[in-house]
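First comes the structure, then the notes that go with it.
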Amino acid sequence: MKRVLILLISIIAAAGAFSEQAPYISFDISEGMVTTDTSDIITSYNIFADIGYIIKTPDGSSYMVMYELLYQGPGLRPLSSESLMERNQDHFFVFKYMKEINPKLSFKAKANYLLEYYRLSKSE
């Protein structure tokens, strides 16, 4: 993980000489609630974050690096400590390269990497 972060910082620092750069950040937190026939209240909590950076070079190439985090878990009011406490955490990395050969033809390459962590209860 440290190596990936150092690589991303190096790419961004090396791109400082290029004219067109654009950072992208998106962050969202949501809480959901469901009531059942037995008057139980079930809540869930979601965190969604995107961090990305696009670099366009003068020769028509562009690079995009993006990190995405998704967390889904029990809400602020869990049912009880014995109940099912499902949690899901995704870390998604994207690196994309695009080269414009002429106005009608371009070359694109993309690499994705996904880490997924899943837990059903506190005892796992």
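- A continuous path of ILVMFWY side-chain contacts below 4.5 Å connects Tyr97 to Ile101, so both sit in one hydrophobic cluster.
- A salt bridge (Lys or Arg N to Asp or Glu O under 4.0 Å) check over residues 88-104, counting only residues at least two apart or in different chains, returns the pairs Asp59-Lys99.
- Residues Arg87 and Gln89 are not in side-chain contact: their nearest non-hydrogen atoms beyond the backbone lie 4.5 Å or more apart.
- Tyr71 meets the ring pair (Phe, Tyr, Trp, His ring centres under 6.0 Å) test with no other residue; sequence neighbours excluded.
- The side chain to side chain donor-acceptor pair (under 3.5 Å) pairs that include a residue from residues 105-117 number zero, where partners must be two or more places apart or lie in different chains.
- When hydrophobic clusters are built by joining Ile, Leu, Val, Met, Phe, Trp and Tyr residues whose side-chain heavy atoms come closer than 4.5 Å, directly or via intermediates, Leu115 is not grouped with Phe48.
- Note that CD of Glu31 is 10.5 Å distant from CD1 of Ile47, once rounded to the nearest 0.5 Å.
- Between Asp50 and Tyr24, the closest side-chain pair of non-hydrogen atoms falls below 4.5 Å.
- Tyr63 OH to Ile55 CD1: the interatomic distance, rounded to the nearest 0.5 Å, is 8.5 Å.
- Cluster annotation: Ile25 and Met64 are assigned to distinct hydrophobic clusters (Ile/Leu/Val/Met/Phe/Trp/Tyr, side-chain heavy-atom contacts under 4.5 Å, transitive).
- Here Phe27 contributes atom CZ and Ile51 contributes atom CD1; the two are 9.0 Å apart, rounded to the nearest 0.5 Å.
- Counting only heavy atoms from C-beta outward, the side chains of Leu69 and His91 approach each other to under 4.5 Å.
- Looking at Val65 and Phe93, their side chains never come closer than 4.5 Å, going by heavy atoms from C-beta outward.
- At least one side-chain heavy atom of Tyr45 sits under 4.5 Å from a side-chain heavy atom of Ile29.
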